[in-house]
S.K.: 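Before I ask anything, let me first share the structure, which is written out below as structure tokens.
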Amino acid sequence: MKTVSENRAFGGVQGVYSHASTACACDMTFGLFLPAEAEEGPVPLLWFLSGLTCTHENAMIKAGAQRWAAEAGIALCFPDTSPRGPGVANDAASDLGQGAGFYVNATRAPWAPHFRMWDYLTDELPRLLFNAFPLAEEAQAITGHSMGGHGALTIAMSFPGRFASVSAFAPICNPVASDWGRPQFLAYLGPDQATWAAHDASLLLRRRGFDGPMLIDQGTADLFLDKLRPETLAESMAASRQGGTFRMQKGYDHSYFFVSTFMEDHVQFHASALGG
């Protein structure tokens, strides 16, 4: 692992690091904020998964999460959204290829050799983090925005007991029935829609649920509501009697202005679940 940069922030350190990934067969980069408490011992970890076209930098710079994480004594991890670099397949569309990994393991050419973001996020990167940094493996929570909200929800529901809480900002809620899901799943996973269901938060919520608190924020002025399909997740929460809160925020759009407005709420929500 290589240190790309480290900057003092809110009494802690915002670092950026790169490493050779076995899962993605390329170099990967991530951001990690460690609060001051990490100098004394392991601290809880909140994962933030970003959306389409983003890198590790977008949320790290724009979401304003470090201030609230520092107050709560929580670390923040900002992974990249896809594999990158020479030899990594790409597409001219912004919702397929580099910057659009959709947090799945691709099984189809030309994506399969590198696009294994599910394994990277659920196995390889956690092992690296807990071996290299003072982080408490037993105290994790996860959140994300848009495509990252989709990833946060599906990962949280697929690993019972790993995450104390899950939240999402304007998540892609029902990708098997959305233009932000169907074309990408077809490209990455192939035509067998049975394999798609494991990566659909609305379907997973009805089948599995989540063994902890859940918080969802969605702006009413979001231009992508038809692709996000928030009503499907709300219906699944009610049908499965999932404990949680679903908030439609009047007048807010899909931008990081929306995310940063409610970031304090989300960090405090996770801090409470983590015992902070």
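Both backbone and side-chain heavy atoms feed into the values below; hydrogens, waters and symmetry mates do not. This is a predicted model, so every value here is computed, not measured.
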S.K.: How many angstroms lie between atom SG of Cys77 and atom CG of Leu129, to the nearest 0.5 angstrom?
M.R.: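 Separation between the atoms: 5.0 Å.
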S.K.: Just checking, any donor-acceptor pair under 3.5 angstrom between side chains of Arg208 and Ser158?
M.R.: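 Yes, Ser158 and Arg208 have a side-chain donor paired with an acceptor closer than 3.5 Å.
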S.K.: Taking the inter-plane angle between the rings of Trp111 and Phe115 on a 0 to 90° scale, is it parallel (under 30°), tilted (30 to 60°) or perpendicular (over 60°)?
M.R.: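 Rings of Trp111 and Phe115: perpendicular, over 60°.
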S.K.: Among side-chain atoms of Ser21 and Glu124, is any donor-acceptor pair under 3.5 angstrom?
M.R.: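 Result is yes, a qualifying pair exists.
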S.K.: With the side chain counted from C-beta on, respond yes when Met117 and Pro79 share a heavy-atom pair under 4.5 Å apart, and no when they do not.
M.R.: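 No. Closest side-chain heavy atoms not under 4.5 Å.
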S.K.: Calculate, to the nearest 0.5 Å, the distance between atoms CE and CG belonging to Met248 and Asp217 respectively.
M.R.: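 That separation rounds to 10.0 Å.
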S.K.: Under 6.0 Å between ring centres, would you say that holds for His19 and Tyr120?
M.R.: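 Yes: the rings meet the under 6.0 Å criterion.
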S.K.: For the residue pair Leu228 and Ser146, what are the closest heavy atoms and their distance?
M.R.: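 Scanning both residues completely, I find the closest heavy atoms to be CD2-OG, 4.3 Å.
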S.K.: Is it the case that His56 and Thr29 place a side-chain donor and acceptor less than 3.5 Å from each other?
M.R.: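 His56 vs Thr29: no donor-acceptor pair found between side chains.
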S.K.: Determine the minimum heavy-atom distance between Gly161 and Asp211, stating which atoms define it.
M.R.: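 Closest approach of Gly161 to Asp211, heavy atoms only: N-OD2, 2.9 Å.
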S.K.: When rounded to the nearest 0.5 angstrom, what is the spacing between OG in Ser202 and CD in Glu231?
M.R.: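 Here the interatomic distance stands at 8.5 Å.
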S.K.: Between Arg206 and Ser236, is any side-chain donor less than 3.5 angstrom from a side-chain acceptor?
M.R.: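 Looking only at side-chain atoms, Ser236 and Arg206 do form a donor-acceptor pair, the distance falling under 3.5 Å.
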S.K.: List the atom of Gln184, the atom of Gly181, and the distance in Å for their closest heavy-atom pair.
M.R.: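 The answer is OE1-N, 2.6 Å.
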S.K.: Whether Arg84 and Asp27 form a salt bridge (side-chain N of Lys/Arg under 4.0 Å from carboxylate O of Asp/Glu) is what I want to check.
M.R.: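 Salt bridge between Asp27 and Arg84, a charged N being under 4.0 Å from a carboxylate O: no.
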S.K.: Could you walk me through whether Ile216 and Leu153 pass the side chain to side chain contact (heavy atoms under 4.5 Å, CB included) check?
M.R.: CA-CA 10 Å; Ile216 310 295; Leu153 290 167; 4.0 Å; yes
S.K.: Nearest 0.5 Å please: distance from the CG atom of Leu189 over to the CG atom of Asn105.
M.R.: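 Interatomic distance, Leu189 CG to Asn105 CG, rounded to 0.5 Å: 8.5 Å.
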S.K.: Taking it one step at a time, do Glu235 and Arg229 satisfy side chain to side chain contact (heavy atoms under 4.5 Å, CB included)?
M.R.: CA-CA 11 Å; Glu235 291 166 1; Arg229 294 176 58 81; over 6 Å; no
S.K.: So, taking the atom named CD in Gln66 and the one named CE in Met60, what distance separates them when rounded to the nearest 0.5 Å?
M.R.: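 Reported value, rounded in 0.5 Å steps: 7.5 Å.
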S.K.: Look at the rings of Tyr188 and Phe102 and say which category their plane angle falls in: under 30° parallel, 30 to 60° tilted, over 60° perpendicular.
M.R.: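 Judged by the thresholds at 30° and 60°, the geometry between Tyr188 and Phe102 is tilted.
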S.K.: Would you sort out whether Leu204 and Thr154 count as a side chain to side chain contact (heavy atoms under 4.5 Å, CB included), showing the intermediate values?
M.R.: CA-CA 7 Å; Leu204 284 175; Thr154 56; 3.9 Å; yes
S.K.: Considering all heavy atoms of both residues, which atom of Ala156 and which atom of Phe163 are nearest to each other, and what is their separation?
M.R.: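 Of all heavy-atom pairs spanning Ala156 and Phe163, the closest is CA-CD1, 3.8 Å.
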S.K.: Using residues 33-55 as the side-chain source, report each donor-acceptor pair under 3.5 Å to any protein atom, sequence neighbours left out, with the distance given to one decimal.
M.R.:
residue : atom : partner : partner atom : Å
Trp47   : NE1  : Gln140  : OE1          : 2.9
Thr55   : OG1  : Glu57   : N            : 3.0

S.K.: Drop me the distance from Asp253's CG to Phe258's CZ, to the nearest 0.5 angstrom.
M.R.: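 Asp253 atom CG to Phe258 atom CZ measures 8.5 Å (nearest 0.5 Å).
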S.K.: So which atom in Ala89 and which in Pro110 form the shortest heavy-atom distance, rounded to 0.1 Å?
M.R.: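 Shortest heavy-atom separation between Ala89 and Pro110 comes out as CB-O, 3.6 Å.
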S.K.: Do Tyr252 and Gln218 have side-chain atoms, one donor and one acceptor, less than 3.5 Å apart?
M.R.: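 Distance-only check fails for Tyr252 and Gln218.
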S.K.: Indicate, with yes or no, if the rings of Phe169 and His254 have centres closer together than 6.0 Å.
M.R.: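 No, ring centres 6.0 Å or more apart.
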S.K.: Work out which heavy atom in Cys173 is nearest to a heavy atom in Pro230; give both atom names and the distance.
M.R.: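 In this case the closest contact between Cys173 and Pro230 is SG-CA, 3.7 Å.
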S.K.: Please report the C-alpha distance between His199 and His150 in whole Å, then the side-chain angles of each, then the deciding distance to 0.1 Å, and finally whether the side chain to side chain contact (heavy atoms under 4.5 Å, CB included) criterion is met.
M.R.: CA-CA 8 Å; His199 300 285; His150 139 78; 4.1 Å; yes
S.K.: Transitively linked via ILVMFWY side-chain contacts under 4.5 Å: Met157 with Val176?
M.R.: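 The answer is yes; both residues are in one hydrophobic cluster.
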